[in-house]
2 protein chains.
Amino acid sequence: MTASRPVALSKSIEPAGPSAASGMHRSQLTGCHWNNVKSVLRDVRLRPTRQRTALAWILFGMGDRHITAEMLYEEATKAKVPVSLATVYNTLHQFTDVGLLRQVAVDGSKTYFDTNVSPHHHFFVEGENELLDIADTDMVVGKTPVAPEGYEIARIDVVVRLRRKPR
Amino acid sequence: MTASRPVALSKSIEPAGPSAASGMHRSQLTGCHWNNVKSVLRDVRLRPTRQRTALAWILFGMGDRHITAEMLYEEATKAKVPVSLATVYNTLHQFTDVGLLRQVAVDGSKTYFDTNVSPHHHFFVEGENELLDIADTDMVVGKTPVAPEGYEIARIDVVVRLRRKPR
DNA sequence: TTACGTGCAAATAATTTGCAGTCCC
DNA sequence: GGGACTGCAAATTATTTGCACGTAA
């Protein structure tokens, strides 16, 4: 369930996250619940603080997501999680450093973070700033180039730019 | 002759461009010389002003290039072409709009412009902020995904991220 | 307690914009 | 001459940083 139609992901998500840092309901988790969030954080050596835990919950609590710092900040705020934008940025980078997130480079000025860290590519809807996963079975890179002397390939990113069909 | 080894392109280029807007020497042009620059500009309905012509000369006067606004501004300045950074940005976007340039999305915060507008992909050297062309014969996208309902594929961009090989 | 986290505000960085003055056709 | 083009400075947008205070272990 990676590829889908271009819907505003951010809007389709009701911030049913944790109310503050204690409300431990579990609506539509992807297999991990509240306590797991904390243990995951401990596993990567990040202290499970109130905001970190809450942000992790929002990020990983419901399927794959593509999110910007600003979006995450708004969601956290709506979910009544007190957190500052600076902390959101810090947290996103910390999560990226430990491999929980992946930074996606599209062309906009904004940086997107993808909760799906397994190899896959993206659709990008121009104008709408909408990112969508492409199922890896739908996109196959046939021939890959040889890395220049002294370098090795770290990753291959494919962005399929979409445009709204005329008429 | 698109793919090559990671060399600092910007450094390997001696700003042998036009001294002011009159010096019409032609060192290593790619087929078009000073007068052609002007007619190309006219073709795309852009008035061949001093700075526009000079910037076009720098951009297209010597093979394929990957350049940022800042880089172009510095080159122009070094080449004694009086131009402001704002004008460089404007010009780059105007050129992109008429199809003379292509904007390349890598991950950095900076925007790169590619003078090679034909379909091809890129190597991106992390850390060095170095962009390199990949010959289209070296990179083949096997299977392309179907665009979601109501959308069509505008372009497919592939970025092969390189990392300096350890040891 | 005590180092690690967090919030806030100020600092950067890249890019855009408003507007008065300049230059091509 | 007149509208397109430029330059400069100020405004925006996205992100980072410095530092006093808060909090998990």
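Nothing here was measured: the structure is a model prediction, and the numbers come from that model. Letters A, B, ... are given to chains in the order of the sequence lines, protein chains preceding strands, and every chain is numbered from 1.
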Just checking, is any N or O donor in the side chain of [X] or [Y] under 3.5 Å from an acceptor N or O on the other one?
{"X": "B:H121", "Y": "B:D136", "result": "no"}
{"X": "B:Y151", "Y": "A:E128", "result": "yes"}
{"X": "A:H66", "Y": "A:D114", "result": "yes"}

Measure from [atom1] on [X] to [atom2] on [N] and round the result to the nearest Å.
{"X": "B:E70", "N": "C:dT16", "atom1": "CD", "atom2": "P", "result": "13 Å"}
{"X": "A:D107", "N": "D:dT13", "atom1": "CG", "atom2": "C1'", "result": "15 Å"}
{"X": "B:L85", "N": "C:dA13", "atom1": "CG", "atom2": "P", "result": "14 Å"}
{"X": "A:K38", "N": "C:dG5", "atom1": "NZ", "atom2": "P", "result": "15 Å"}
{"X": "B:R50", "N": "D:dG7", "atom1": "CZ", "atom2": "P", "result": "9 Å"}
{"X": "B:Y73", "N": "C:dT15", "atom1": "OH", "atom2": "P", "result": "15 Å"}
{"X": "B:Y89", "N": "D:dT12", "atom1": "OH", "atom2": "C1'", "result": "13 Å"}
{"X": "A:R42", "N": "D:dA25", "atom1": "CZ", "atom2": "P", "result": "6 Å"}

Taking only the side-chain nitrogens and oxygens of [X], find out if one of them lies under 4.0 Å from OP1 or OP2 of [N].
{"X": "B:Q51", "N": "D:dG7", "result": "yes"}
{"X": "A:T49", "N": "C:dT6", "result": "yes"}
{"X": "A:H93", "N": "D:dT16", "result": "yes"}

| Most 5' of A:T87 and A:R47 on DNA chain C, judged by nearest nucleotide | A:R47
| query | With nearest nucleotides of DNA chain C determined for A:L46 and B:A86 from heavy-atom distances, which residue corresponds to the more 5′ nucleotide? | reply | A:L46
| Closest to side chain of B:S109, choosing from D:dG7, C:dA14, C:dT15 | C:dA14
| query | Out of C:dG7, D:dT6, D:dG7, which nucleotide sits closest to the side chain of B:V83? | reply | D:dG7
| request: Please work out if B:T68 contacts a base, only the sugar-phosphate, or nothing of the nucleic acid, heavy-atom cut-off 4.0 Å. | output: nothing
| said: Given 3.5 Å as the limit, does a donor-acceptor pair link the side chain of A:T87 with the main chain of A:V83, or not? | reply: no
| message | Between A:D157 and B:R161, does any side-chain N to carboxylate O distance fall below 4.0 Å? | response | yes
